[in-house]
Protein chains: 2
Amino acid sequence: MATNIKDVSRAAGVSIKTVSRVLNNERYVRPATRARVEEAMARLGFRPSAAARALAGGRSFQIALMCSNPGPYYLHGLIAGLRGRCAAEGVRLIVHAYDIEGTELSEDVRDMLRQLSPDGVILTPPIADLEPVLDALEAANTPYVRISPGISPGRSAAVAIDNEAAARAVTGMMIGLGHRRIGFVVGHRSYAVSNQRLAGYLDALRDAGLGVDLELVQQGWFDFASGQAAADRLLDLRDPPTAVFASSDDMAAGVLAAAHRRRLSVPGDLSIAGFDDTDLARSVWPPLTTVRQPIAVLAERAAELLFERAEPGLRLVPYELVRRETVAAPGAC
Amino acid sequence: MATNIKDVSRAAGVSIKTVSRVLNNERYVRPATRARVEEAMARLGFRPSAAARALAGGRSFQIALMCSNPGPYYLHGLIAGLRGRCAAEGVRLIVHAYDIEGTELSEDVRDMLRQLSPDGVILTPPIADLEPVLDALEAANTPYVRISPGISPGRSAAVAIDNEAAARAVTGMMIGLGHRRIGFVVGHRSYAVSNQRLAGYLDALRDAGLGVDLELVQQGWFDFASGQAAADRLLDLRDPPTAVFASSDDMAAGVLAAAHRRRLSVPGDLSIAGFDDTDLARSVWPPLTTVRQPIAVLAERAAELLFERAEPGLRLVPYELVRRETVAAPGAC
DNA sequence: TTGAAAGCGTTACCAT
DNA sequence: ATGGTAACGCTTTCAA
């Protein structure tokens, strides 16, 4: 049997309550007593049972990450960003990766909350925008932080970048380089950032006095294959774009693949820009990116807000505009 | 307060022990009684507390995934592969992603085991080969399954593909196409599969009566950047290879990038082959692969073995040899 | 087939 | 500053 709090109290010659105090860093323990207890804990190799602490105390020392259909780089970034802080807080990370959408989810969330009573929850799109899920979280009084929320940003602590401004900036940059026909690949419809990025693109065109050609706006689903397909549709137009702005990095990689397939030189024949949400661009295909804001940074900030019980409100994390050789003036090659 | 087992027992007019029996699917409950209890549980929306069950019963309804420095696709594949079975078994997945190596890890494992007493553990390389970790697991009597173990394969239940045979097959295929100078990018040294794949490559050369030129064997670290660097070194040789076999998919992608940078046509000027451990090749850059065995499949099989308390022993999962247009006869373009 | 009561290892409340 | 003792919600004997 593993040593428990009772063994420690006996070894240290104190009551179990005092051991508990030391364990939880409570006040009103004489330094000498504390030292004695700590020595006993170390000597016996005592590790408190998470189950018992959870049952008695309410804290479960676990936080849950909830995401739906996360791409590899997105998931990796999230976990990388959360890991450090969780370790520092002595908290374990439960990963809930769903592949469903919709309301059945809130049922599952309620279950999870009752079963695990996690100390906190991190939500990513599109789950971050499911009202029933938020309701369940609030009903259970469980702290949660949303990443890139699309609705009611003031409802909880949340982090995001200003997607509309970023998309506007990228589009503006392309226009500034002389591009007049700029293709756009929209992201998955149930993600709010898709609309925000589209809005920024449209805004920039309007600001520049350019008309919007709806042919140039193609639907994608945030993954490589759909980006490639969207690019193919764009490049097959009678009057194809000289530049393509994909609103996610996976899709931008797909656009690049489509260009390579057609033996187009990039950026000579086609300029490509994208969002580097997940660090994909930096690690797998360096010359892709324009807006850089790795999800890991957002996740780290989210963990910070969670553990510090931050007030509700949306924190905008600054993004970085990186200009690489994939975006050039038309006809530059 | 959430409803507990007592509320249910009262509502159903039975003792809490009977509710517990229903909860755990034990025998000796009259169907009528069982139905009554289940109805009450449903009506009250009863969810048993994981903490209480863990404390009283020993089962924690959690399994831990332990990995060190997993790449994005690897991590994603693991989680995707484990998810389904975990959900089916009503078990949560704790992700332990370390970025350290060595023995301090076994200390942490011991802690984790005592604190969480997970129902099972999944180990990936290189943690799967740390004896102290295995010792700790066995001392705690915790079932565990290893993925791609490099040492003592009979020590626990484990899954892997026959890496050596696969590497031999790929190399043989390239030789069969007429290649005589075939570059090889070795994986991270602390991963046993690296040596297995290298052995297969060397074997195939020997079988074909070709000498081994050590210039053609370059070190990589399983990631994109190191694959690109290794390819650059290979292509800068006075007598560069006509084909490159990278022993992981991230590195193969790096080799492809290096080829693109140099405006080499693939497979015209350079043939490329790789392992598709993580489904990267299929999802991000289709024409890369040769050995296909997504980690998700291995993970799924590992979960199966874990939940079925499989006997110790290594299960070889068959791999698939996929020939794509990236491997061509030398000078084909 | 069912039930009563004794744990499981902590934390919380109330004394001292 | 420290110590009893009662929860916490379930599982597990042991009876019936």
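In what follows, every chain begins at residue 1, and chains take the letters A, B, ... in the order their sequences are listed.
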Candidates C/dG3, C/dG9, D/dG9 - which lies nearest the side chain of A/S49: C/dG9
side-chain contact (heavy atoms from CB on, under 4.5 Å) partner of A/V193, the single match among A/P125, A/P126, A/S148: A/S148
Sugar-phosphate, base or nothing in reach of B/F46, heavy atoms under 4.0 Å: sugar-phosphate
Residues A/D135, A/R155: salt bridge by 4.0 Å N-O rule: yes
Presence of A/T18 side-chain N/O under 4.0 Å of D/dT2 phosphate oxygens OP1/OP2: no
Over 12 foreign heavy atoms within 6.0 Å of CD, B/E308: yes
Any donor-acceptor pair under 3.5 Å from A/N24 side chain to A/E26 backbone: no
Overall bend - the helix from C/dT1-D/dA16 to C/dT16-D/dA1, comparing terminal axes fitted on five pairs, nearest 10 degrees: 30°
Over 12 foreign heavy atoms within 6.0 Å of CZ, B/R189: no
Positions of residues 29-37 of chain B (non-hydrogen atom under 4.0 Å from DNA chain C), listed by number: B/V29, B/R30, B/T33
Options D/dT11, C/dA4, C/dT10, nucleotide nearest the side-chain atoms of A/A52: C/dT10
For atom CG of B/L44 and atom P of D/dG9, their distance in whole Å: 14 Å
Can you give me the N/O atom pairs linking the protein to nucleotides 12-16 of chain C at distances under 3.5 Å, or say none if there are none?
unit_1: C/dA12; atom_1: N7; unit_2: A/K17; atom_2: NZ; d: 3.1

